[in-house]
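The figures that follow rest on heavy atoms only: side chains count, while hydrogens, waters and symmetry mates do not. What you see is a predicted model, and the numbers here were worked out from it, not measured in a lab. The chains referred to below are lettered A, B, ... by the order of the sequence lines, with proteins before strands, and numbering in each begins at 1.
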Number of protein chains: 2
Amino acid sequence: MENFLQTIGALNDETRLKILRFIDKNGAVCVCDIESAFGMIQSRISRHLKILKDAGFLTVERQGRWAYYAIRSPLDRFRQDILKEISYLEMDLPEFKGCCKP
Amino acid sequence: MENFLQTIGALNDETRLKILRFIDKNGAVCVCDIESAFGMIQSRISRHLKILKDAGFLTVERQGRWAYYAIRSPLDRFRQDILKEISYLEMDLPEFKGCCKP
DNA sequence: ACAATACATCAAGATACCTTGATATATATA
DNA sequence: TATATATATCAAGGTATCTTGATGTATTGT
């Protein structure tokens with residue numbers, strides 16, 4: 001119940017839905033990728049990523065000074081269904097253009 | 001997108017999840033059934049029912065002075081998946097005992 | 001070692017949501 | 001017709017959530 005509400009709560013925000021779809025579409029990205037694509041300040045992006053991670057949608061992997069966020073794998077069926085449903089939504093996503101030099 | 005957020009928002013509340021599961025389990029019930037089962041004041045129940053209805057989970061049918069709320073039928077697959085997921089949750093639901101004499 | 005970069009976290013203000021109590025409406029009963 | 005019942009809606013207060021700007025931490029480059 002608590003876990004379910006956390007999952008739902010993570011989805012209850014337009015910015016997070018877009019970030020989730022953005023990562024689902026573009027694969028592993030770092031925080032500054034999202035920051036520059038969405039034109040939002042870093043603390044805001046970082047907070048939303050944490051919420052999506054804590055809700056079981058994302059994983060983080062640190063590489064040097066970058067933190068790469070990706071869709072958690074494997075993903076349970078319910079969250080897969082949700083991602084699919086989100087992929088059907090009409091939303092204008094910003095374009096992805098890598099900003100980091102690994 | 002807007003519609004999706006409304007659907008998710010309706011689920012983002014413990015009381016509503018319980019009400020939804022209660023109706024899913026017990027079939028069509030009137031407001032006072034839920035009111036007495038849950039021990040919550042009428043305006044509170046009424047508000048939550050409206051939110052669930054507006055989000056596409058419930059239908060209302062008036063009969064005399066009672067309003068019977070039931071799971072919308074047919075229900076799209078995504079909302080069906082959600083109901084199934086909610087049915088798996090551990091929650092202590094109050095017992096149903098009809099309070100209205102139709 | 002020092003400076004810069006990438007990210008996380010915190011406090012404060014703004015906004016949205018939930019609960020309650022009061023009031024409104026509509027139907028049934030006496 | 002008057003009263004009681006079932007439900008809906010509104011305003012006000014409390015609580016949670018979002019955004020921003022500031023600060024902290026770790027890693028890279030000079």
What is the separation between atom CD on E2(B) and atom P on dA16(C), rounded to the nearest whole Å? 14 Å
For R47(B), answer base if it contacts any base atom (sugar-phosphate contacts may also be present), sugar-phosphate if it contacts only those atoms, and nothing otherwise; contact means non-hydrogen atoms under 4.0 Å. base
Salt bridge flag under 4.0 Å for residues K84(B) and D81(B): no
Could you state the NZ-P distance from K50(A) to dC18(D), rounded to the nearest angstrom? 13 Å
Can you tell me if E61(B) has over 12 outside heavy atoms packed within less than 6.0 Å of its CD? no
The side chain of R16(B) is closest to which nucleotide in this list: dC7(C), dC18(C), dC18(D)? dC18(C)
Establish whether the base of dA8(D) is bridged to the side chain of Q42(B) by a donor-acceptor pair shorter than 3.5 Å. yes
Measure CE/M40(B) against C1'/dT19(C) and give the value in whole Å, please. 10 Å
Output the rounded distance in Å from CD (E35(A)) to P (dT5(C)). 13 Å
Side-chain N or O of R65(A) versus OP1/OP2 of dT5(C): is the shortest distance under 4.0 Å? no
Between S46(B) and G9(A), the residue closer to the 5' end of DNA chain D by nearest nucleotide is S46(B)
Separation of Q63(A) atom CD from dC7(C) atom C1', in whole Å? 15 Å
Among dG21(C), dA6(C), dA8(C), the one nearest any side-chain atom of S43(B) is dG21(C)
Mind calculating the distance between CG (L5(A)) and C1' (dT15(D)) to the nearest angstrom? 16 Å
Rounded to whole Å, please give me the gap between CD1 in I41(A) and C1' in dT23(D). 13 Å
Distance in angstrom units between R44(B) CZ and dA8(D) C1', rounded: 17 Å
Consider the side chain of V31(B), meaning its heavy atoms from C-beta on, and name the nucleotide among dT7(D), dA22(C), dT19(D) that approaches it most closely. dT7(D)
Testing the 3.5 Å rule here: is there a donor-acceptor pair between the side chains of R79(A) and T7(A)? yes
Going hydrophobic residue to hydrophobic residue with side-chain gaps under 4.5 angstrom, can you get from L20(A) over to F78(B)? yes
Pair F22(B) and F38(B), ring centroids less than 6.0 Å apart: yes
Can you find a side chain N or O atom of Y69(A) that sits less than 4.0 Å from OP1 or OP2 on dA6(C)? no
Under 3.5 Å on both distances, the Watson-Crick or G-U partner of dA30(C): dT1(D)
